4 protein chains.
Amino acid sequence: MLDAALRLCERDGYQQLTIKAIATEAGVGRQTVYRWWPDKAEILMEALVELAESLDLREPIDSGDTLSDVRALLSITYSLTQSITGQAIVGLMSDAQADPALSAKLQGKVIGPRRDALREILRRGVDRGEVSAAVSLDLVVDFAFGAMWYRLLSRHAPVNEELADKVADVVARLLAVEPSR
Amino acid sequence: MLDAALRLCERDGYQQLTIKAIATEAGVGRQTVYRWWPDKAEILMEALVELAESLDLREPIDSGDTLSDVRALLSITYSLTQSITGQAIVGLMSDAQADPALSAKLQGKVIGPRRDALREILRRGVDRGEVSAAVSLDLVVDFAFGAMWYRLLSRHAPVNEELADKVADVVARLLAVEPSR
Amino acid sequence: MLDAALRLCERDGYQQLTIKAIATEAGVGRQTVYRWWPDKAEILMEALVELAESLDLREPIDSGDTLSDVRALLSITYSLTQSITGQAIVGLMSDAQADPALSAKLQGKVIGPRRDALREILRRGVDRGEVSAAVSLDLVVDFAFGAMWYRLLSRHAPVNEELADKVADVVARLLAVEPSR
Amino acid sequence: MLDAALRLCERDGYQQLTIKAIATEAGVGRQTVYRWWPDKAEILMEALVELAESLDLREPIDSGDTLSDVRALLSITYSLTQSITGQAIVGLMSDAQADPALSAKLQGKVIGPRRDALREILRRGVDRGEVSAAVSLDLVVDFAFGAMWYRLLSRHAPVNEELADKVADVVARLLAVEPSR
DNA sequence: CAATAATCGAGACGGTACGTCTTGTCTTCCT
DNA sequence: AGGAAGACAAGACGTACCGTCTCGATTATTG
């Protein structure tokens with residue numbers, strides 16, 4: 001049923017996704033869908049969370065090397081958007097603009113945790129003296145995920161492993177501890 | 001009519017925006033809306049473009065100082081999202097995921113030109129030797145606009161003048177021509 | 001719902017009758033009307049047939065006396081037009097001019113059966129020698145129902161019991177078996 | 001323009017006839033139609049009256065022989081319905097059911113005059129002793145035109161010269177002056 | 001003979017019904 | 001008892017036509 005939702009969402013787009021279609025695709029009565037979720041946003045969110053959990057290694061990322069950690073986290077996150085979830089994520093974010101409850105849930109379950117994870121990695125790096133805090137860490141996080149969103153929305157370039165590498169390089173450059181002297 | 005569309009979109013959200021509501025708000029027949037635009041996406045896009053043109057200094061940004069130019073462009077662009085257009089832009093981008101025609105129009109009229117303008121500014125800076133090309137300019141552009149999109153979608157922080165300043169600073173840092181020698 | 005249709009049709013006229021109005025009057029969603037009938041003609045036809053069946057004694061008319069039978073059939077038929085159905089019948093017939101399917105249905109369910117019933121009554125009379133076939137029975141039938149239609153359309157005189165009596169008298173006169181000799 | 005109206009009405013039916021279509025067919029602006037007639041009923045009525053006047057010999061029918069006169073009047077009247085006017089007449093009559101003004105005009109210009117003409121012919125016959133008034137003349141008139149309307153609406157038989165002959169024969173039979181004595 | 005006026009085509013306007021679609025709620029009927 | 005099937009009221013969709021209202025262009029009329 002969650003699979004059906006994701007499948008149809010990617011095929012037809014978020015706006016065209018219909019509860020009726022999900023039910024039909026899943027070979028289920030419409031009422032049965034309503035029994036479990038109040039609307040299509042909740043369905044997709046649950047589907048996404050489930051998908052995310054199946055991909056993430058649930059063990060926290062902490063290899064000891066900050067840059068490796070950054071690269072790993074971004075790589076996992078970016079790859080999530082490559083499976084079949086682009087339409088769903090963007091659609092949900094769009095709906096969340098006018099729906100504080102949905103917005104809160106997305107923040108709490110999808111956006112926030114990843115943001116926190118990246119910041120925590122950087123924080124650890126600073127604490128260990130591996131990286132400087134010359135640039136606001138929050139801004140660095142904005143860059144790392146911002147590049148992803150911008151490409152997801154605009155689609156001028158893919159969101160893939162290569163991007164993760166490049167972003168990690170730039171982070172390294174930005175937060176290098178006093179390269180000279 | 002365009003005003004009515006933007007107003008309602010910001011008040012109720014993109015998804016809740018209805019052609020009927022636009023017509024009513026504008027004190028106009030429904031058919032009159034359909035006469036001029038095929039759907040609500042086109043209405044909002046025209047409204048946005050009009051709004052953008054009214055705010056942009058149409059003269060190209062070229063003060064001679066690359067960082068000033070970057071700061072100016074970002075400042076203008078960011079401020080656009082602060083007026084009444086956040087919901088509209090995000091909603092349009094979301095719809096564009098499943099609508100290549102809309103996607104192309106958005107790229108051509110809204111997204112692309114700004115991206116090109118920023119890259120051109122950086123390019124000029126490189127040519128003049130003001131800034132290095134140590135980091136891929138495309139990636140720098142992704143950062144500058146990505147931070148904006150990320151904050152627009154996630155709303156963990158405002159998209160304002162201060163952000164423009166900070167981003168410009170980071171760009172300066174990233175593209176500094178050999179600080180040491 | 002059928003009641004609502006007949007009520008509104010008589011009050012506002014066939015042309016002014018609207019599916020929307022029927023739905024509202026019946027306290028029902030518009031789609032519910034469309035679920036059961038394809039258009040207003042079918043609704044009214046079903047309403048008429050139902051009404052006709054509720055009024056007609058379904059037992060065939062056969063008292064043994066031809067003229068009594070004629071009078072009885074005409075009386076019942078004429079009275080149908082007096083209840084609330086004048087507008088509906090005429091409107092349907094008008095629409096049927098340009099709609100062969102509707103025309104066929106009206107013939108089959110409303111017009112034809114009554115025509116056949118009257119002709120059968122006369123036929124029986126001829127067979128029993130009660131009446132002559134001096135005048136084409138078809139033409140007599142045309143007169144009996146024609147007078148009704150003419151008055152319904154033109155409304156220069158009512159279509160009532162009295163008309164039934166008079167028409168029966170004329171039929172008697174026309175089909176009298178050799179008054180002289 | 002009147003021609004265009006009649007043409008389209010016969011082709012597509014009264015209900016499907018549209019002011020827009022008339023204007024287009026006549027190669028004229030829509031406003032120009034409205035300048036001359038308030039609605040399509042008036043257009044068609046004028047078209048019908050014009051057509052009727054072009055066909056009727058305007059000289060009154062009075063050959064001296066009542067039956068010939070009856071036959072002549074019916075023949076002319078019936079033939080009118082055979083040209084291109086069936087849809088129009090029936091549609092107008094239907095609309096007139098709910099529109100007293102239209103009803104009055106139709107009575108005054110189309111229905112009434114013919115009714116009066118036939119009654120006058122019969123009246124003359126009675127006065128001259130050619131025919132008896134054994135049966136209410138009004139009823140005879142109802143039969144003569146009623147048969148026409150019934151066939152026009154129901155279309156089980158044509159409305160033609162032959163019908164005129166037959167009706168005249170029956171009228172003769174009904175109003176015969178004492179055949180025996 | 002030029003200006004001025006009337007007339008017309010074209011078509012935009014605010015309305016409103018059409019017939020279709022989906023929503024979220026509610027039976028009903030089968031297993 | 002639980003679920004598929006689907007009816008229900010509601011309301012937006014995009015289309016068509018209504019009757020009113022400007023617009024220019026093209027004729028006529030007039031000074």
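Just so it is clear: chains get the letters A, B, ... in the order the sequence lines come, proteins before strands, and each one is counted from 1. Here the structure is a predicted model, which is why all the values come from computation and not from measurement.
The CD1 atom of I19(A) sits 15 Å away from the P atom of dA4(F) (whole-angstrom rounding). We find that CD of Q15(D) is positioned 14 Å from P of dC17(F), with the value rounded to whole Å. Spacing between atom CG of D39(C) and atom P of dA16(F) amounts to 19 Å, rounded to whole angstrom units. If you take CZ of R35(A) and P of dA1(F), they are 14 Å apart, rounded to a whole angstrom.
In this structure, E10(B) contributes its side chain and Q87(B) its backbone to a donor-acceptor pair below 3.5 Å. The backbone N or O of L6(D) lies less than 3.5 Å from no partner atom in the side chain of D3(D), so there is not a single donor-acceptor pair. A side-chain donor-acceptor contact under 3.5 Å links T24(D) to the backbone of K20(D). At least one donor-acceptor pair under 3.5 Å links the side chain of S54(C) to the backbone N or O of L51(C).
For the atom pair R30(D) CZ and T18(D) OG1, the distance stands at 9.5 Å (nearest 0.5 Å).
Mapping T18(D) and G29(A) onto DNA chain F by nearest heavy atom places G29(A) at the nucleotide closer to the 5' end. For the pair A26(B) and L17(A), nearest-nucleotide mapping onto DNA chain E gives the more 5' position to A26(B). Position along DNA chain F of the nearest nucleotide to K40(B) versus W36(C) favours W36(C) as the more 5'-ward residue.
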Every protein N/O within reach of nucleotides 20-28 of chain F N/O, cut-off under 3.5 Å:
unit_1, atom_1, unit_2, atom_2, d
dC21(F), N4, Q31(D), OE1, 2.3

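Considering only heavy atoms from C-beta on, M93(C) stays 4.5 Å or farther from S94(D) through its side chain. Between L17(B) and D12(B), the closest side-chain pair of non-hydrogen atoms is not below 4.5 Å. Side-chain contact check for L153(D) versus Q97(C): some heavy-atom pair is nearer than 4.5 Å. Contact of the L2(C) side chain with the W36(C) side chain is not registered, since no non-hydrogen atoms from C-beta on lie closer than 4.5 Å. Between I111(C) and Y150(D) the shortest side-chain heavy-atom distance falls below 4.5 Å.
Of the candidates dA12(F), dC8(F), dA9(F), the closest approach to any side-chain atom of V28(C) belongs to dA9(F).
Put simply, chain D comes within 4.0 Å of DNA chain E, heavy atom to any atom, from dC8(E) to dA12(E), going 5' to 3'.
Contacts of residues 93-103 of chain C with DNA chain E (heavy atom under 4.0 Å): none.
Under 3.5 Å, the side chains of D95(A) and Y14(A) contain a donor-acceptor pair of N or O atoms.
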